[in-house]
Amino acid sequence: MADITLTLPDGNQRSYPAGTTGLEVAKDISTSLGKKAISCSVDDVHRDLSRPIDTDASFAIHTMQDEAQALELIRHDCAHIMARAVQEIWPDVKVTIGPVIKNGWYYDFDREEPFTPEDLATIEKKMKEIINKRDLVRTETWDRARALKHYEDNNEPYKVELVNMIPEGEDLRMYWHGDWQDLCRGPHLVHTGQVPADAFKLMNVAGAYWRGDSNNAMLQRIYGVAFKNKEDLKAHLHMLEEAALRDHRKLGREMDLFHMQEEAPGQVFWHPNGWRIYTLLQDYMRRRQTAGGYVEVNTPQVVDRKLWEASGHWEKYQENMFIVEVDEDHAREKAVNALKPMNCPCHVQIFNQGLKSYRDLPLRMAEFGSCNRYEPSGALHGIMRVRGFTQDDGHIFCREDQIESETAVYIEFLRDIYKDLGFDNFRVKFSDRPEKRAGSDEVWDKAEAALLSATRAAGIEPEINPGEGAFYGPKLEFVLTDAIGRDWQCGTHQVDFVLPERLDANYVGEDGNKHRPVMLHRATLGSFERFIGILIENFSGKLPFWLAPRQVVVASIVTDANDYVTETVAKLQAAGIRAEADVRNEKINYKVREHSLGKVPVILAVGMREVEEGTVSVRRLGNKQTSVQVLTDVIAELSADATPPDMR
RNA sequence: GCUGCUGUAGCUCAGUGGUAGAGCGCGUCAUUGGUAAUGACGAGGUCGGGAGUUCAAUUCUCCCCAGCAGCACCA
């Protein structure tokens with residue numbers, strides 16, 4: 001047999017007979033490497049050590065020190081080991097798929113009985129037994145017929161379906177963890193004992209549709225997390241506990257920002273503190289939009305179905321709309337209306353008033369538009385996903401050749417705002433043409449190219465969401481992450497060729513003829529509700545001073561200082577600082593604790609010493625040290641911090 | 001919407017087939033305390049809603065509502 005040459009990471013080359021396995025190479029390099037090896041990369045493809053190598057290639061051995069490969073294998077083997085454990089305990093359970101995900105893996109099972117938390121403990125125990133058996137992981141390549149027969153004989157209908165989905169001519173790799181077998185692309189560890197038995201944990205069970213389609217059966221998905229060692233697992237679990245403390249729903253209560261109740265699911269009762277944040281953010285956005293060349297408008301909440309029929313929403317979006325049927329005696333006409341789920345059709349109505357000229361374009365129209373959408377009950381989530389919300393919405397009416405420049409301007413606009421609000425990093429997703437769409441391919445080509453090129457010109461390489469665009473045009477999504485790493489789309493920028501057509505928007509061009517404008521739908525925060533939720537979690541409630549609903553509490557240490565407290569508060573307020581007095585008959589420790597928990601950024605404590613000296617004792621949130629300062633200095637400092645970033 | 005879980009005082013939670021309990025918070029009184037909980041006393045609940053089983057239901061069963069986790073959805 002011919003020899004092959006493997007080039008190692010350090011540049012050294014070694015020759016072996018073709019068909020040598022990675023494990024053999026590892027052992028040949030050194031006995032200890034042979035023991036430590038977990039997998040290899042052949043021409044940068046991550047592969048099993050047991051797989052023969054047939055051609056010249058670059059070659060690297062991986063050990064547990066190679067974080068990326070080690071974690072992938074640990075998690076992937078955990079998935080298989082868990083599936084084996086489940087079938088050993090409940091042989092009737094049908095297996096499906098179990099991929100590696102962030103921090104761990106999941107595996108979907110079909111079982112009549114739901115898995116209970118006690119079951120998870122049982123499965124975990126069984127997994128540890130399997131790991132301790134140190135069973136070899138074996139692999140074979142099968143042809144399709146053999147795989148189908150095997151799964152039919154074993155009554156594994158989901159696996160049969162999976163085999164049938166794999167394109168003809170592709171190898172079917174079968175893996176055995178001991179006697180337990182699964183169809184899998186691999187790669188895997190050498191034996192089950194390489195999985196650290198104390199570094200994984202089964203987290204929870206939840207339903208998930210087979211192949212992600214809600215028309216299919218619902219399976220039971222078990223999630224697990226796994227790491228290289230016990231310490232990493234512990235750190236991860238600790239991080240989750242910390243994240244739970246930042247949950248906006250918890251902080252919203254503790255900081256007295258808002259509440260929600262059964263009578264209005266998915267809608268927010270904003271308390272004074274929360275509404276303070278909301279209005280500050282709105283004031284800020286209004287200034288930014290004005291500076292950005294937008295005109296602000298406001299449009300109706302309740303709109304006749306005729307407009308929704310014309311816009312296409314009645315047909316495509318009706319099940320998500322709150323329908324308002326006025327059928328009382330007092331109604332002038334028996335009309336069917338809908339609460340607006342979005343503002344775009346209303347903005348076109350404003351655009352359509354009077355004749356527009358090409359000189360009016362681009363026309364940037366903004367509205368803090370309150371929308372209501374009947375979101376599926378299971379989608380609701382705190383103030384992040386609600387049924388009633390207000391978008392910082394805007395529509396740019398422009399010519400086709402202005403899409404790119406308007407997009408570029410918008411990305412800078414958004415980036416600057418995100419930076420002001422504490423988000424220097426955010427993700428951008430680009431969604432291109434879906435299968436069902438309006439408009440010609442030629443127009444889509446242009447729109448996609450314009451969005452992409454403007455995004456790249458801004459130095460952003462977007463993640464591509466193939467086929468996820470709206471039916472009317474491609475879109476950019478600006479994504480922020482919550483406390484536990486869930487993604488939320490906040491900003492959006494979408495090209496729309498359809499709505500101007502449907503609602504017959506037009507302008508007079510240089511040539512004196514009517515032309516169709518393009519609409520760019522854009523929202524920067526997305527909605528105030530969601531963005532405030534993200535802000536709260538991002539800052540753990542400790543909002544920047546200018547956005548903090550309660551900025552300063554002046555607390556008396558003794559009753560004799562109460563008058564001085566009142567005077568101090570008045571001076572702070574005169575300087576435009578949100579200050580309040582705490583002259584309750586409580587110890588200073590108590591007051592400090594309470595306002596610290598309430599995330600008040602600055603506590604000014606005053607006792608008789610301060611009264612006599614005309615000073616205040618300043619304590620900043622999260623800082624145990626205090627400093628005694630004269631009030632005018634404090635006011636000067638705080639006034640600077642209280643100034644919104646765009647006004648500094 | 002789907003699968004599973006949960007719903008007891010303002011909050012966090014305990015508990016029981018014989019109509020309920022703690023801590024915090026709230027109120028009153030005492031206390032004037034120097035930077036994350038001063039003490040005593042007191043008020044506060046149709047045990048998510050409805051129906052059923054039962055002599056008796058907050059507890060068991062069913063339906064509904066809401067919330068939580070995940071899935072699907074987010075034009």
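Naming: A, B, ... by sequence-line order, numbering from 1 per chain.
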Output the rounded distance in Å from CE (M260(A)) to C1' (C65(B)). 15 Å
Can a side chain N or O of H381(A) be found less than 4.0 Å away from OP1 or OP2 on A69(B)? yes
When the ring planes of Y278(A) and W275(A) are compared, do they come out parallel, tilted or perpendicular, using 30° and 60° as the limits? parallel
How would you list all residue pairs meeting salt bridge (charged side-chain N to carboxylate O under 4.0 Å, His left out) that involve residues 206-219 of chain A, not counting sequence neighbours? E161(A)-R211(A)
Of all residues at least two apart in sequence or in a different chain, which pass the side-chain contact (heavy atoms from CB on, under 4.5 Å) check with D560(A)? V558(A), M608(A)
Rounding to a whole Å, what distance do you find between I557(A):CD1 and A36(B):P? 12 Å
Ordered by number, residues from residues 210-225 of chain A within less than 4.0 Å of RNA chain B (heavy atoms) are G212(A), S214(A), M218(A), R221(A), Y223(A)
Heavy atoms only, 4.0 Å cut-off, all strands: where does F471(A) land among base, sugar-phosphate and nothing? sugar-phosphate
Are any of R373(A)'s side-chain N or O atoms less than 4.0 Å away from OP1 or OP2 of C73(B)? no
Say you draw a straight line from CZ of F258(A) to CE of M260(A); how long is it, rounded to the nearest 0.5 Å? 7.5 Å
If you check the R584(A) side chain, which of U32(B), C26(B), G1(B) turns out closest? C26(B)
Could you write out each protein N or O paired with an N or O of nucleotides 5-10 of chain B at a distance under 3.5 Å?
none

Integer-rounded Å distance: C11(B) P and H271(A) NE2: 10 Å
Ignoring backbone atoms, establish whether R111(A) has a side-chain N or O less than 4.0 Å from OP1 or OP2 of U3(B). no
Any side-chain N or O of R249(A) under 4.0 Å from OP1/OP2 of A69(B)? yes
Is there any salt bridge (charged side-chain N to carboxylate O under 4.0 Å, His left out) pair reaching into residues 612-626 of chain A, and which pairs are they, with sequence neighbours excluded? R620(A)-E637(A), R620(A)-D641(A)
The side chain of N204(A) is closest to which nucleotide in this list: A69(B), U32(B), C73(B)? A69(B)
Donor-acceptor pair present, E610(A) side chain and G34(B) base, under 3.5 Å: yes
side-chain contact (heavy atoms from CB on, under 4.5 Å) partners of R249(A), counting only residues at least two apart: D247(A), H381(A), R486(A)
Rounded distance (Å) that lies between atom C1' of C11(B) and atom CE of M255(A): 17 Å
Have a look at G382(A) and say if it touches a base, only the backbone sugar-phosphate, or nothing, with a 4.0 Å heavy-atom cut-off. sugar-phosphate
Please report the distance, rounded to the nearest Å, between OH in Y374(A) and P in A66(B). 7 Å
Selection residues 372-391 of chain A - residue pairs positive for salt bridge (charged side-chain N to carboxylate O under 4.0 Å, His left out), sequence neighbours left out: E375(A)-R385(A)
Polar side-chain contact R486(A)-A69(B) base: donor and acceptor under 3.5 Å: no
Looking at Y590(A), I'd like to know whether one of its side-chain N or O atoms comes within less than 4.0 Å of OP1 or OP2 on U32(B). no
Does D110(A) have any salt bridge (charged side-chain N to carboxylate O under 4.0 Å, His left out) partners at least two apart in sequence or in another chain, and if so, which? none
Under-4.0 Å side-chain N/O to phosphate OP1/OP2 contact, T559(A) with U32(B): no
Without decimals, in angstroms, what is the distance between E375(A) CD and G1(B) C1'? 12 Å
With sequence neighbours left out, what residues match F200(A) under ring pair (Phe, Tyr, Trp, His ring centres under 6.0 Å)? none
With heavy atoms under 4.0 Å as the rule, sort K475(A) into base, sugar-phosphate or nothing. sugar-phosphate
T524(A): side-chain contact (heavy atoms from CB on, under 4.5 Å) partners, not counting sequence neighbours: M285(A), D392(A), Y410(A), F413(A), L414(A), I417(A), Y418(A), R522(A)
For G50(B) versus U46(B), give the span between their C1' atoms, rounded off to a whole number of Å. 13 Å
Treat a base pair as Watson-Crick or G-U wobble with both distances under 3.5 Å, then lay out RNA chain B in dot-bracket form, 5' to 3', with | for cross-strand pairs. (((((((..((((....[..)))).(((((.......))))).....(((((..]....))))))))))))....
S540(A) and K599(A) side chains, donor-acceptor separation under 3.5 Å: no
What pairs with H76(A) under ring pair (Phe, Tyr, Trp, His ring centres under 6.0 Å), at least two apart in sequence or on another chain? H80(A), H188(A)
To the side chain of I484(A), which of G70(B), G1(B), A37(B) is closest? G70(B)
Return the value, rounded to whole Å, for the distance between atom CZ of R385(A) and atom C1' of G70(B). 14 Å
Rounded to whole Å, how long is the line connecting atom CG of L597(A) with atom C1' of A36(B)? 7 Å
Would a line drawn from the ring center of F528(A) to the ring center of W270(A) be shorter than 6.0 Å? no
Among G34(B), U38(B), A72(B), which is the nearest nucleotide to the side chain of E586(A)? U38(B)
